Amino acid sequence: QYTAPELLFSAAALQDQHSSAIWSLGVIIAELYLGSSLFDPARFQESVHDILGNDAQTSFLKLYRRLRAPQCPDLIHFLLSCLKLDPRER
């Protein structure tokens with residue numbers, strides 16, 4: 001559940017460890033902030049679909065609104081930057 005999306009489909013993505021690490025860090029910090037998992041590890045296929053279909057930013061924002069997490073604009077901006085689907089944008 002902490003694997004960057006590009007690592008799921010491309011061995012070439014292993015060359016860029018930094019953006020993958022940023023993704024993982026974003027997921028972990030988002031889960032700590034929200035107190036809830038972004039993706040259900042028991043539903044791996046559905047989680048992959050969520051990441052690629054809705055993208056992690058959308059999943060984070062849905063959980064954020066549903067859980068009514070405390071307001072912290074700088075942290076939210078940081079997390080949304082970490083959770084970009086395109087590794088070049090992280």
Side-chain angles (χ1 to χ4, degrees):
Q1 88 189 37
Y2 303 108
T3 303
E6 65 272 13
L7 296 178
L8 296 172
F9 301 105
S10 172
L14 292 172
Q15 302 298 324
D16 183 14
Q17 297 290 322
H18 293 88
S19 61
S20 300
I22 290 170
W23 167 276
S24 299
L25 177 68
V27 172
I28 292 166
I29 293 174
E31 290 180 350
L32 289 169
Y33 173 61
L34 296 172
S36 181
S37 180
L38 282 182
F39 308 105
D40 184 354
R43 298 175 42 240
F44 179 76
Q45 292 287 29
E46 291 87 353
S47 293
V48 170
H49 177 70
D50 287 347
I51 292 169
L52 298 177
N54 296 325
D55 73 64
Q57 292 177 317
T58 303
S59 296
F60 168 75
L61 289 172
K62 283 180 184 176
L63 261 177
Y64 171 75
R65 290 183 189 112
R66 189 182 58 167
L67 297 173
R68 298 183 182 155
Q71 295 288 325
C72 189
D74 291 337
L75 179 59
I76 293 168
H77 176 74
F78 170 76
L79 292 172
L80 291 176
S81 297
C82 291
L83 298 174
K84 290 186 183 248
L85 192 57
D86 187 339
R88 296 169 295 188
E89 295 179 8
R90 290 186 205 128

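Just so you know, residue 1 is the first one in the sequence shown, and it goes up from there. Given the structure is predicted, the values throughout are model-derived calculations rather than measurements.
- Taking all atoms of both residues into account, the shortest heavy-atom contact from Glu89 to Lys84 is O-CD, 3.3 Å.
- Under the 4.5 Å side-chain criterion, counting only non-hydrogen atoms from C-beta, Cys82 is in contact with Phe78.
- Interatomic distance, Tyr33 OH to Leu79 CG, rounded to the nearest 0.5 Å: 8.0 Å.
- Nearest heavy-atom pair, Ser37 versus Glu31, reported as atom, atom and distance to 0.1 Å: OG-OE2, 3.3 Å.
- A search for side chain to side chain donor-acceptor pair (under 3.5 Å) contacts involving Asp86 returns Arg88, not counting sequence neighbours.
- A donor-acceptor pair under 3.5 Å is formed between the side chain of Arg90 and the backbone N or O of Leu85.
- Ile22 and Ile29 end up in different hydrophobic clusters when Ile, Leu, Val, Met, Phe, Trp and Tyr side chains are linked at under 4.5 Å.
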